2 protein chains.
Amino acid sequence: MKDRKQHVIKMAHQLFIDKGFQATSIQDILDYSGIAKGTFYNYFSSKNELLIALFTTLYKQMEKERNELLIGQDPSDIEIFIKQMELQLEMNRSNNLTALFEEVYVSNDEELKQFIKIGSFKSLRWLYERFVAIFGEDKKPYLLDCASMFMGILSHMLKNYSIAVKSPHAIHLVVRYSVNRIAKIIEEVSQSGEQLLEPELLDAWSPNGKKNNQAFQQALHRIILNLKKPFTQNIGSKKQVELLDFIYEELINRQEPRLYLIDSVLDTLKKEPQLKRTAGMQKLEKFINEYVKNEK
Amino acid sequence: MKDRKQHVIKMAHQLFIDKGFQATSIQDILDYSGIAKGTFYNYFSSKNELLIALFTTLYKQMEKERNELLIGQDPSDIEIFIKQMELQLEMNRSNNLTALFEEVYVSNDEELKQFIKIGSFKSLRWLYERFVAIFGEDKKPYLLDCASMFMGILSHMLKNYSIAVKSPHAIHLVVRYSVNRIAKIIEEVSQSGEQLLEPELLDAWSPNGKKNNQAFQQALHRIILNLKKPFTQNIGSKKQVELLDFIYEELINRQEPRLYLIDSVLDTLKKEPQLKRTAGMQKLEKFINEYVKNEK
DNA sequence: GAGAGATTGTACCGATTGTCTAATTTGATA
DNA sequence: TATCAAATTAGACAATCGGTACAATCTCTC
């Protein structure tokens, strides 16, 4: 069951690499992975959901391998950092991730956009924290600027250099070049004192920012409690209570609430006669849209 | 007639800004600009063609205004350059150009992709030439690297700063910050001597670079003439001669040879018994790959 | 072997791009 | 002013796509 779903993801990934995301129709995926349409929509609620599932597996794998490079090593060793960057760029290349990203970045699906935005935010944060470890706490005020610039230098130089030179060492050369540049920039900005982005912004951007807010937690708790009421006496309604608790836990405790899961659970709950079209459910949806998805 | 077409472009532009390119259907454009579907397809062969027409007008306007800022001014004055960058970024912003670019960059339309690629290449070249004027001829070997890095720094910092701070001065601050950084980088790389991109690459990338080369034209002419030989006496073989002439014209006269067309014509020609697997055909293919596609 | 859940195949819906055509309007010329 | 070619219109139409619905079938577990 689980491996079958993974198999579909894998086959779709292959098609996306070959033809691109938009150009791959669902029928292509069905044919290529040998499943029926009904099965597909049993696994994923849409083509975008499949893409999110694909991204998630790739992200996790990348994070795992990237972190393994650090085990037992000195976090301030810049050579380790270079290896990490090379690993990530190499994975991007072999999975055609940059192309997929760009293709999807401006999609019409709000959920997908959010997902990508969170992904790029996370890698910016990771970069910032690595910079702190490498260049020292005293440079902190400038390191978010520098992380952002490093991303820009790296991506642009890699793109242009790859066009110019077909070399298997492109990634290696560009990473080293970019690291040399950013090291000098860090020296320079910490002398001139110029700064654009305060590192505190990371907390504000973080999905946790809102969640650490006391008012947020209380409001959510109140809403969920209210919705659970009709079920608390009825023993047969354990499932609904569990679903509501799940939403609460996911929003409060999970670093990155899986919005697609929450949406799915909301859908399930909305099918419940006792919740369908109630004011409480609408309030919950509006609340999530407002404070978690930052919409409306 | 002409102004009517321009009117459609203008209306579509408005819709693209409001809803995005993908999300705007042709029907939307028809309704909003009050024309019939037939008229639309009389003006543009597709929605992508319309987008290219829109980009073209915006490009021209941007180039015009940007160059006007230089009239009667010192080209090495960095303040003028800053004004030029601000102008371009401001136009990007007000026209939602960056979003449109990204949305379209990975489209499936080869022509559209080529168009965008040429656009970004042109602005890289412009930036390089401005840097030469500002930072001096002696820095030339490093200025293509720096132009590329400047683009990266600028776009990433602007994106992140705009997310962080809703300020009308965002563009102003980010441009100045980026210029300060790149100025120091130029000093630094010209001391360390590190280089990735040779400025000569600009000529190789340029559509005109190779084509203005006398040797290129003569060689191509010789190859094509050679291939036409078997057909010149036979009146029934007009088509093959026309196809060969087409390739020649397309490569020599067209600013951006439509490679997909040429490939298609080559395929057709290769099916011709008199050309199939001949040394001449192979020479032509190799020639095109080498001098036009910059491959192998 | 009975039954629940997963899977299949297929028909169907609505939206979209793009083609085609017959009828009508416009505009320049004689 | 009359004429006629070109431009424009309205809409039917085909093809494709994402997604829904559902009855029939298969698989696995108790």
Side-chain angles (χ1 to χ4, degrees), chain A residues 1-13 15-16 18-54 100 103-104 106-113 115 236 238-239 243 260 263-264 266-268 270-271 276, chain B residues 1-12 15-16 18-54 100 103-104 106-113 260:
Chain A
M1 176 171 103
K2 188 91 181 182
D3 43 343
R4 204 166 143 86
K5 186 172 170 180
Q6 281 300 321
H7 177 252
V8 176
I9 294 179
K10 203 172 158 187
M11 295 294 104
H13 185 195
L15 288 175
F16 292 165
D18 293 344
K19 311 171 47 171
F21 177 69
Q22 311 265 17
T24 301
S25 73
I26 288 185
Q27 195 57 51
D28 290 337
I29 300 172
L30 303 184
D31 296 342
Y32 196 63
S33 53
I35 60 164
K37 195 172 244 190
T39 312
F40 181 92
Y41 281 97
N42 184 25
Y43 291 153
F44 317 99
S45 69
S46 69
K47 206 170 94 171
N48 285 341
E49 285 279 353
L50 162 62
L51 189 62
I52 289 182
L54 170 60
L100 282 181
E103 185 162 6
V104 128
V106 217
S107 118
N108 301 319
D109 186 302
E110 206 54 41
E111 191 182 341
L112 199 44
K113 269 191 189 172
F115 184 83
K238 217 179 99 197
K239 196 181 150 201
L243 287 174
Y260 55 100
D263 281 338
S264 156
L266 280 177
D267 274 349
T268 309
K270 271 190 285 186
K271 281 180 191 128
K276 209 172 182 175
Chain B
M1 177 172 103
K2 187 93 181 184
D3 44 342
R4 204 167 144 84
K5 187 171 171 181
Q6 280 300 320
H7 177 252
V8 176
I9 294 179
K10 203 173 159 186
M11 294 295 103
L15 288 175
F16 292 165
D18 292 346
K19 312 171 44 171
F21 177 69
Q22 310 265 16
T24 301
S25 74
I26 289 184
Q27 195 57 52
D28 290 336
I29 300 172
L30 303 185
D31 297 342
Y32 197 63
S33 52
I35 60 165
K37 191 171 252 189
T39 312
F40 181 92
Y41 281 98
N42 184 25
Y43 291 154
F44 317 99
S45 68
S46 69
K47 209 170 88 171
N48 285 342
E49 286 276 355
L50 162 62
L51 189 62
I52 289 182
L54 170 60
L100 282 182
E103 185 161 5
V104 127
V106 216
S107 120
N108 301 319
D109 187 303
E110 206 53 42
E111 196 181 339
L112 196 46
K113 269 191 189 172
Y260 56 97

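Because the structure is predicted, anything quoted here is derived from the model rather than measured. The sequence lines fix the lettering, A, B, ..., with proteins before strands; numbering per chain opens at 1.
Among residues two or more places apart in sequence or in another chain, the side-chain contact (heavy atoms from CB on, under 4.5 Å) test is passed with B/Asp18 by B/Gln14. With sequence neighbours left out, A/Asp31 forms a salt bridge (charged side-chain N to carboxylate O under 4.0 Å, His left out) with no residue at all. Every residue two or more places apart in sequence or in another chain that forms a side-chain contact (heavy atoms from CB on, under 4.5 Å) with A/Asp28 is listed here: A/Leu15, A/Lys19, A/Thr24, A/Ser25. In this structure, B/Ser46 has no side-chain hydrogen bond (donor to acceptor under 3.5 Å, both in side chains) partners at least two apart in sequence or on a different chain.
One interatomic measurement links the two molecules: CG of B/Asn42 to C1' of C/dT21, which rounds to 14 Å at whole-angstrom precision. Taking atom CG of A/Leu30 as the reference point, atom P of D/dT20 lies 14 Å away to the nearest angstrom. In this structure, CG of A/Asn48 is placed 12 Å from C1' of D/dG19, rounded to the nearest angstrom.
Residues in residues 32-52 of chain B take part in no salt bridge (Lys or Arg N to Asp or Glu O under 4.0 Å) pair, two or more places apart or across chains.
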Nucleotide by nucleotide, 5' to 3', does protein get under 4.0 Å of the base (B), only the sugar-phosphate (S), or neither (-) in nucleotides 9-18 of chain D, counting heavy atoms?
-> BB-------S

